[in-house]
Amino acid sequence: MAVANEIPMLVDLYKNNNTESKGYGMYYGRVFPRDGLTLKGFAKHLSEHGKLASYEMLVLVLQNAVSCMRHLLLEGVPIKLDGLGTFKAGIEGTGAASIADYRADLNIKGIRINFLPEASGDESDKLTKKALLKQATFQMNDYVEVKHKTIDGKDVTYQERTPIRQIVIKQAEPDQP
């Protein structure tokens, strides 16, 4: 049985304002955008877990791993990291009417990195969406409303955040005459 994570994933709610969407008017959760870890931040985190290697050694290993992954992905070589998943290159582009009309310099618009999470092993080791859901704990965070206003003649879009607990408390209070 997978053990729930101790630190909750913060969930913000957004209202779907797309009138063309089947979900128009519904509220949807999104993960609160926390600050990410850099390679060095990740190395520091790794060095504090188990003390298998020093921070400096982990930085060197991770920098080398990133460099090698880039090199291999540019050659079209998939990279399977047991316990994590498989990285492989994919192409973004446009089609051509015929084989003769297809040109890499015109039709290939970008390279994306596809990631397929590890799905084998014990449930607690998998990185699939079902396995992670069983291990996750959630905490409702803010209702985020996208707003627009004009400042110095420029249209500005911004997000107004309201803690969900304030909204729930306000909705639970009886109306005051």
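Along the sequence shown, the residues carry numbers beginning at 1.
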- Task: Output, in order, the C-alpha distance, side-chain angles, deciding distance and verdict of side-chain contact (heavy atoms from CB on, under 4.5 Å) for N114 and K88.
- Result: CA-CA 5 Å; N114 299 315; K88 67 180 190 175; 4.3 Å; yes
- Kindly check if the number of other-residue, nucleotide or ligand heavy atoms within 6.0 Å of CZ (R165) is above 12? no
- Item | Criterion salt bridge (Lys or Arg N to Asp or Glu O under 4.0 Å) on K80 and D82, from CA distance to verdict | CA-CA 6 Å; K80 183 177 188 312; D82 295 335; 3.0 Å; yes
- Query: Just by distance, do the side chain of E92 and the backbone of G110 share a donor-acceptor pair under 3.5 Å?
  - Reply: no
- Message: Quick check: do N141 and I164 have side-chain heavy atoms less than 4.5 Å from each other?
- Response: no
- Item | N107 side-chain N/O to Y102 backbone N/O, donor-acceptor pair under 3.5 Å | no
- Task: Taking the side chain as every heavy atom from C-beta outward, state whether K40 and Y55 have any atom pair closer than 4.5 Å.
- Result: yes
- Task: Taking D155 for its side chain and T150 for its backbone only, find out whether a donor-acceptor pair lies under 3.5 Å.
- Result: no
- Would a distance-only check, ignoring hydrogens and angles, find a side-chain to backbone donor-acceptor pair under 3.5 Å from R112 to I91? yes
- For L73 and I113, what are the C-alpha separation, side-chain angles and deciding distance, and is it a side-chain contact (heavy atoms from CB on, under 4.5 Å)? CA-CA 8 Å; L73 289 168; I113 298 172; 4.0 Å; yes
- What's the spacing between L13 CG and Y27 OH if we round to 0.5 Å? 9.0 Å
- Could you tell me how the ring of H45 sits relative to the ring of F42: parallel (under 30°), tilted (30 to 60°) or perpendicular (over 60°)? parallel
- Query: For I7, does the CD1 atom have more than 12 heavy-atom neighbours from other residues, nucleotides or ligands under 6.0 Å away?
  - Reply: no
- Message: Whether the side chain of D142 engages the backbone of V144 through a donor-acceptor N/O pair (distance < 3.5 Å, no angle test) should be reported.
- Response: no
- Query: Quick one: do D152 and K154 make a salt bridge, cutoff under 4.0 Å?
  - Reply: no
- Message: Under 6.0 Å between ring centres: does that hold for Y14 and Y143?
- Response: no
- Message: Could you check whether any side-chain heavy atom of I79 comes within less than 4.5 Å of a side-chain heavy atom of M69, counting everything from C-beta outward?
- Response: yes
- Query: Centre of Y28's six-membered ring, under 6.0 Å away, within 45 degrees of the axis: is that where NZ or CZ of K15 sits?
  - Reply: no
- Would you check if the side chain of K109 reaches a backbone N or O of L106 as a donor-acceptor pair within less than 3.5 Å? yes
- Item | For A89 against I111, the heavy-atom pair lying closest together | CB-CG2, 4.1 Å
- Item | Rounded distance (nearest 0.5 Å) linking atom CD of Q63 with atom CG of L58 | 11.0 Å
- Minimal non-hydrogen separation, P78 against T86, with atom names: CB-CG2, 4.2 Å
- Query: Looking at CE of M9 and CE of M140, how far apart are the two atoms once the value is rounded to the nearest 0.5 Å?
  - Reply: 12.5 Å
- Task: Side-chain contact test, heavy atoms from C-beta onward, threshold under 4.5 Å: evaluate it for F87 versus L81 and give yes or no.
- Result: yes
- What do the steps show when you test K147 against T157 for side-chain contact (heavy atoms from CB on, under 4.5 Å), and what is the final call? CA-CA 6 Å; K147 296 203 168 191; T157 301; over 6 Å; no
- Query: Applying the 4.5 Å side-chain criterion to the ILVMFWY set and letting contacts propagate, would V61 and L72 be lumped into a single cluster?
  - Reply: no
- Working to the nearest 0.5 Å, report the span between CG of D12 and CZ of F32. 6.5 Å
- Message: To the closest 0.5 Å, what do you measure between CE (M57) and OG (S47)?
- Response: 12.5 Å
- So, the side chain of S67 versus the backbone of N64: is there a donor-acceptor pair under 3.5 Å, distance only? no
- Query: At their closest point, which heavy atom of V11 faces which heavy atom of F138, and how far apart are they?
  - Reply: CG2-CD2, 3.8 Å
- Item | CD on E145 to OG1 on T162, rounded to 0.5 Å | 7.5 Å
- Connected hydrophobic set around L60, excluding itself, where side chains approach under 4.5 Å: none
